[in-house]
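Let me begin by handing over the structure; questions about it come next.
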Amino acid sequence: MELTGKTVAVLVDQAYQEMEVWYPIYRLQEGGARVITYGPKAGDKVLSKLGYPVLAERSYADLDPAAVDGVVVPGGWAPDYIRRHEGAVKFVADVNAASKLVAAVCHGPWVLCSADILRGRKATSFFAIKTDLINAGAQWIDADVVRDGNLVTSRKPEDLPAFMRGCFDVLLGR
């Protein structure tokens with residue numbers, strides 16, 4: 001259990017992409033990490049694009065960068081809802097400022113754009129938001145995973161194995 005003692009926040013909101021929430025949750029738990037889901041309201045079930053529920057254990061108002069070792073931002077349409085919450089955006093910026101894991105997949109980097117943490121950094125995303133990342137100052141690279149220091153980004157569900165290897169590497173200081 002190489003991630004024992006690590007805590008990772010997973011941000012969830014309506015219309016999330018199922019695999020991009022559940023695969024990271026299960027892989028992190030399998031590695032021994034404590035995973036906490038955060039959404040608009042603690043205790044609410046948040047529905048995926050296909051209607052699959054995830055429980056928001058805590059609310060965005062409860063986010064504390066000092067209490068986690070990293071954050072995962074999934075894709076789907078959820079990032080467009082997540083970035084409407086100032087506290088969630090500030091949390092991502094603060095986790096980044098502390099050089100902790102900031103991981104986003106598919107449309108998840110929309111939240112990174114809103115957090116203004118992409119200037120001068122390498123990143124990837126679903127191709128449809130490539131211009132958004134470039135406009136936010138990123139050097140966009142078409143690859144299954146792009147790691148720039150503590151930042152890990154991927155393009156789509158098929159990239160999740162590489163994405164999680166990148167997340168583990170940051171969490172373990174490799």
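These figures come from a predicted structure and were not determined experimentally. Note: hydrogens, waters and symmetry copies are ignored here, and every other heavy atom, side chains too, is used.
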**OP:** Would you check if the side chain of Thr124 reaches a backbone N or O of Val146 as a donor-acceptor pair within less than 3.5 Å?
**Re:**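 Checking the backbone N and O of Val146 against the side chain of Thr124, no donor-acceptor pair under 3.5 Å is found.
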Subject >> Flag side-chain contact, heavy atom, 4.5 Å: Leu133 against Leu118 >> reply: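 The answer is yes; the side chains approach within 4.5 Å.
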Original post:
With a 4.5 Å limit on heavy-atom distance, are the side chains of Asn96 and Arg121 in contact?
Top reply: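 They are in contact (side-chain heavy atoms under 4.5 Å apart), so the answer is yes.
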Subject >> Spacing of Ile129 atom CD1 and Cys113 atom SG [to the nearest 0.5 Å] >> reply: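 It is 6.5 Å, given to the nearest 0.5 Å.
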Original post:
How would you list, by chain and number, every residue that makes a side chain to side chain donor-acceptor pair (under 3.5 Å) with Asp132, sequence neighbours excluded?
Top reply: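 Expected list: Trp110.
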Original post:
Is Lys45 close to Val54 at the side-chain level, that is, under 4.5 Å between some pair of heavy atoms?
Top reply: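 A side-chain contact is absent here, since even the closest heavy-atom pair is not under 4.5 Å.
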Subject >> Shortest non-hydrogen contact between Cys167 and Ala103, atoms and distance >> reply: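 Minimum heavy-atom separation between Cys167 and Ala103: SG-CB, 3.5 Å.
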**OP:** Could you pull out all residues at least two apart from Phe91 that satisfy ring pair (Phe, Tyr, Trp, His ring centres under 6.0 Å)?
**Re:**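 Ring pair (Phe, Tyr, Trp, His ring centres under 6.0 Å) check on Phe91 returns nothing, list empty.
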Subject >> Side-chain donor or acceptor of Ser154 paired with backbone N/O of Lys156 under 3.5 Å >> reply: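 Such a contact is absent between Ser154 side chain and Lys156 backbone.
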Subject >> Backbone N/O of Leu171 and side chain of Lys6: donor-acceptor pair under 3.5 Å >> reply: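 Yes, because the side chain of Lys6 sits within donor-acceptor range (under 3.5 Å) of the backbone of Leu171.
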Subject >> Beyond-backbone contact of Pro74 with Gln17, side-chain heavy atoms, under 4.5 angstrom >> reply: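 No - every pair of side-chain heavy atoms lies 4.5 Å or more apart.
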**OP:** Would you mind reporting whether Leu112 and Leu151 have side-chain heavy atoms less than 4.5 Å apart?
**Re:**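 Yes, side chains in contact.
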Subject >> Donor-acceptor contact present, side-chain Arg34 to main-chain Gly5, <3.5 Å >> reply: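 No; zero donor-acceptor contacts below 3.5 Å.
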Subject >> Sequence neighbours excluded - salt bridge (charged side-chain N to carboxylate O under 4.0 Å, His left out) pairs with any residue from residues 84-108 >> reply: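 Output for this query lists Asp80-Arg84, Lys90-Asp94.
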Original post:
Do Met164 and Leu28 come close enough that some side-chain heavy atom pair is under 4.5 Å?
Top reply: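 Sidechains of Leu28 and Met164: in contact.
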**OP:** Would you indicate whether the side-chain heavy atoms of Pro40 and Asp13 approach each other to under 4.5 Å?
**Re:**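 Asp13 reaches Pro40 side chain to side chain.
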Original post:
Minimum heavy-atom separation for Pro109 to Thr153, with atom names?
Top reply: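 Where Pro109 meets Thr153 most closely, the heavy atoms are CG-CG2, 4.3 Å.
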Original post:
With respect to Val92, which candidate in Asp116, Val111, Ile82 satisfies the side-chain contact (heavy atoms from CB on, under 4.5 Å) definition?
Top reply: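 The passing option is Val111.
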**OP:** Determine, using the 4.5 Å side-chain heavy-atom cutoff (strictly less than), whether Tyr16 and Val89 are members of one ILVMFWY cluster.
**Re:**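 In one cluster with Tyr16: Val89, no.
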Subject >> Main-chain N/O of Gly149 paired to Arg147 side chain as donor or acceptor, under 3.5 Å >> reply: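 Side chain of Arg147 to backbone of Gly149, a donor-acceptor pair under 3.5 Å: yes, one is there.
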Original post:
Is it the case that one hydrophobic cluster holds both Val95 and Phe168, taking links as side-chain heavy atoms less than 4.5 Å apart, direct or via other members?
Top reply: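 No, Val95 and Phe168 fall in different hydrophobic clusters.
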Subject >> Sidechain-backbone polar pair: Asp144 side chain, Ala162 backbone, donor-acceptor under 3.5 Å >> reply: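 A pair under 3.5 Å: no.
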**OP:** Rounded to the nearest 0.5 Å, what's the gap from CG on Asp64 to CZ on Arg58? Could you check?
**Re:**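 Rounded to the nearest 0.5 Å, the CG-CZ separation comes to 9.5 Å.
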Original post:
With a 4.5 Å heavy-atom cut-off, do Val12 and Tyr38 have their side chains touching?
Top reply: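 Sidechains of Tyr38 and Val12: no contact.
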**OP:** Name the orientation class of the two ring planes belonging to His107 and Trp77 (parallel below 30°, tilted from 30 to 60°, perpendicular beyond 60°).
**Re:**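 Taking Trp77 first and then His107, their aromatic rings sit tilted (interplane angle of 30° to 60°).
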Original post:
Going hydrophobic residue to hydrophobic residue with side-chain gaps under 4.5 angstrom, can you get from Val145 over to Val8?
Top reply: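 Yes, same cluster.
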Original post:
Do NZ/NE/NH1/NH2 and the carboxylate oxygens of Asp169 and Arg174 come within less than 4.0 Å?
Top reply: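 A salt bridge is present here (some side-chain N lies under 4.0 Å from a carboxylate O).
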Original post:
With a cut-off of under 6.0 Å to the ring centre and 45° to the axis, is Arg155 in cation-pi contact with Phe163?
Top reply: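 No, a cation-pi geometry is absent between Arg155 and Phe163.
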